[in-house]
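Just dropping this structure here.
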Amino acid sequence: MTSGINSASASASADVAVVGAGIIGLSVAMHLVAQGRSVLLIDRKGIAQETSAQNAGALAFSDILPLASPRILRQAPRWLLDPLGPLAIRPGYALQMLPWLLRFGLASRPSAYRASLQAQTQLMRLAAPAFHAMLARAKASHMIRQDGSLQVYESDAEFRSSLAGWQLRAEAGIAFEHVKGERLRALQPGLASSIVAGTFVPHWETVSDPFEVASALGRHVMQAGATWRQAEVRSIAVRDGGLELQLAQGSAVRAKQAVIATGAWSRQLAAQLGDAIPLETERGYNTTLPPGAFDLQRQIIFGAHGFVVTPLSTGIRVGGAVELGGLQLPPNFKRSAHMLEKASRLLPGLQTEGGTQWMGYRPSLPDSLPVIGHAKAGRQVVYAFGHGHLGLTQSGATGHLVAELLAGHTPSIPLEPFRPDRF
């Protein structure tokens, strides 16, 4: 997408200003134009130029287990000993993160975990049909791959430790099949002999490429009449019953309503509106290998190592893990290389040459739930951020819910667990 399509003037007014043109902002804009609203979409870089461009491409509607959990508290000390492992905190950043980590610990208590699990399950039940409807409207349903996923285990102990989580998924009505032997090898030929078991999720979906999907949504939104502006929003304030958004270029935008969907950069704008939201950044890494690097049948999840391998139209993407390090520190691409080395051991035929490395920022809240709700400063502003690694998955549901809030309708699911002031 280019900034010249339906471009706004230097001084502009809008019915609804949607700040952020990642997958969440695009979904919000799409739902609003479907209601006949006049939408101005603003982003400092362009359509899906941040994390939405290069994520793992999973539609993880069955991924209802919050990251903040008793299980993670047990595993985290061992993981943190490995600076290139599934979970890392950059040196020099741990002290700054201490308040977030304390909240993460509180959210991992059994009672809090159960509440987050229930809220996540409700959001996911809305997310699947909402996403499919959104892509159908954009004539992009062909971009969904319905191959299922395969989570694999390197020992019986690792497999057994996963069973409690699968039981919770079963209680939520999620279909899966534990597999071994010939069935396991048939689902994905070429697995290392060290892999002894797997869990196949038949209804798990991926997309052909996340940037292709976001671009399709962007084209639809513009063709439906939305206006686009490439600009950085420096400040937002309530003025005379409406809103004034000051841009970095020195101009301003007036709007009746606004949505803050700037992902990992949302905390600063929320603070200007009176909301202290403990948003942190999961820095995710990946390497995209050329097409044909491996005969990958479906997304493979290496849960113990914290990464996935995904077949995309643009190649084979190896990525995941969590590095907590904020927005300012430079990337540590040793993490990408380390995941690629592990992937080549677990998929011995993987051709690791010619890959492109990438690092992106996932907006993360301590209880693993996004913020979806009105700003403290006024109901003219709705927040839609903090989805962690589930932004693509939950985008349709978030757009649907935000449109309901802006229209003054009763939300399709209870939004109490997602309210901005819950911390």
Side-chain angles (χ1 to χ4, degrees), residues 56 58-82 85-88 101 103-125 127-128 148-181 183-184 187-188 191 194-205 282 298-309 320-322 342 346 362 364-370 387-390 393-394 417:
L59 296 174
F61 303 123
S62 62
D63 195 2
I64 60 173
L65 306 184
L67 181 64
S69 64
R71 176 182 60 86
I72 291 296
L73 285 188
R74 292 192 298 269
Q75 292 178 331
R78 174 173 57 84
W79 281 350
L80 288 170
L81 292 174
D82 180 0
L87 175 64
L101 292 170
R103 289 188 174 101
F104 183 88
L106 292 174
S108 299
R109 295 174 301 172
S111 59
Y113 173 73
R114 287 192 295 271
S116 296
L117 173 65
Q118 181 180 6
Q120 194 83 291
T121 301
Q122 290 180 317
L123 187 59
M124 291 298 198
R125 285 174 179 162
S149 69
L150 181 65
Q151 181 160 337
V152 297
Y153 315 97
E154 291 187 88
S155 68
D156 286 331
E158 183 188 338
F159 171 63
R160 288 194 300 272
S161 71
S162 75
L163 294 179
W166 290 111
Q167 178 58 36
L168 291 172
R169 293 183 180 94
E171 292 169 4
I174 294 167
F176 57 86
E177 175 191 358
H178 297 311
V179 294
K180 293 186 177 183
R183 173 64 171 153
L184 170 63
L187 285 167
Q188 180 54 66
L191 293 171
S194 62
I195 295 172
V196 301
T199 303
F200 175 52
V201 181
H203 301 305
W204 185 282
E205 298 170 327
E282 296 178 31
R298 52 188 45 83
Q299 187 174 75
I300 309 298
I301 301 168
F302 300 97
H305 300 288
F307 71 90
V308 303
V309 182
V322 173
K342 285 184 177 181
L346 297 163
R362 309 185 193 110
S364 181
L365 288 154
D367 58 2
S368 307
L369 301 177
H387 297 76
H389 62 280
L390 294 170
T393 300
Q394 297 176 342

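Here, residue 1 is the first one in the sequence, and each next residue gets the next number.
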### Query
From Leu87 CG over to Ile72 CD1, what is the distance, rounded to the nearest 0.5 angstrom?
7.5 Å

### Query
Looking at side-chain heavy atoms only, is the closest gap between Ser162 and Tyr153 below 4.5 Å?
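SC-SC contact between Ser162 and Tyr153 confirmed.
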
### Task
Would you check if Gln120 and Leu390 make a side-chain contact, meaning some heavy-atom pair closer than 4.5 Å?
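Yes, close enough: below the 4.5 Å cut-off.
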
### Query
What's the spacing between Arg71 CZ and Leu65 CG if we round to 0.5 Å?
7.0 Å

### Task
Under the side chain to side chain contact (heavy atoms under 4.5 Å, CB included) rule, what do Phe176 and Trp166 come out as? Steps first, then yes or no, please.
CA-CA 8 Å; Phe176 57 86; Trp166 290 111; 3.8 Å; yes

### Query
With distance as the sole test, does Arg109 use its side chain to make a donor-acceptor pair with the main-chain N or O of Leu106 at under 3.5 Å?
yes

### Message
Using modelled atom types and a 3.5 Å cut-off, is there a donor and acceptor pairing between side-chain atoms of Thr393 and backbone atoms of Ala58?
### Response
yes

#### Entry: Heavy-atom donor-acceptor pair, Ser368 side chain to Pro66 backbone, under 3.5 Å
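It does not hold such a pair.
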
#### Entry: Atom pair CD1 (Ile195) and OG (Ser155), whose distance is rounded to the nearest 0.5 Å
11.5 Å

### Query
Under 3.5 Å, side chain of Glu158 to main-chain N/O of Glu154, donor-acceptor pair present?
yes

### Task
Apply side chain to side chain contact (heavy atoms under 4.5 Å, CB included) to the pair Val152 and Leu346, showing each step before the final yes or no.
CA-CA 10 Å; Val152 297; Leu346 297 163; over 6 Å; no

### Task
Evaluate the side-chain proximity of Glu177 to Arg183: yes if any heavy-atom separation is below 4.5 Å, no if none is.
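Yes, their side chains come closer than 4.5 Å.
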
### Task
May I ask you to check whether His178 and Phe159 place their ring centers less than 6.0 Å from one another?
yes

### Summary
CD1 (Ile301) and CH2 (Trp204) are apart, to the nearest 0.5 Å, by 4.0 Å

### Query
Under the 3.5 angstrom rule, does the side chain of Thr121 hit a backbone N or O of Ile64 as a donor-acceptor pair?
no

### Task
Determine whether Tyr113 and Pro70 make a side-chain contact, defined as any pair of heavy atoms from C-beta on separated by less than 4.5 Å.
yes

### Task
Run the numbers on Leu369 and His387 for side chain to side chain contact (heavy atoms under 4.5 Å, CB included), then give the verdict.
CA-CA 6 Å; Leu369 301 177; His387 297 76; over 6 Å; no

### Message
How long is the straight-line distance from CE of Met124 back to CG of Leu59, given to the nearest 0.5 Å?
### Response
10.0 Å

### Query
Are Gln151 and Thr199 linked by a side-chain donor-acceptor pair shorter than 3.5 Å?
no

### Summary
d(His389 NE2, Glu282 CD) to nearest 0.5 Å is 7.0 Å

### Query
Where is the tightest heavy-atom contact between His203 and Ala175, given as atom of each residue plus distance?
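Between these two residues, the closest heavy atoms are CD2-CB, 4.0 Å.
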
### Message
Please check: side-chain N/O of Arg298 versus main-chain N/O of Leu150, any donor-acceptor pairing under 3.5 Å?
### Response
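No; zero donor-acceptor contacts below 3.5 Å.
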
### Query
Does Lys342 reach the side chain of Phe302, with side-chain heavy atoms less than 4.5 Å apart?
no

### Query
Would you say the side chains of Gln299 and Glu205 form a donor-acceptor pair under 3.5 Å?
no

### Task
Could you tell me whether the side chain of Pro370 reaches within less than 4.5 Å of the side chain of Gln394, counting heavy atoms only?
yes

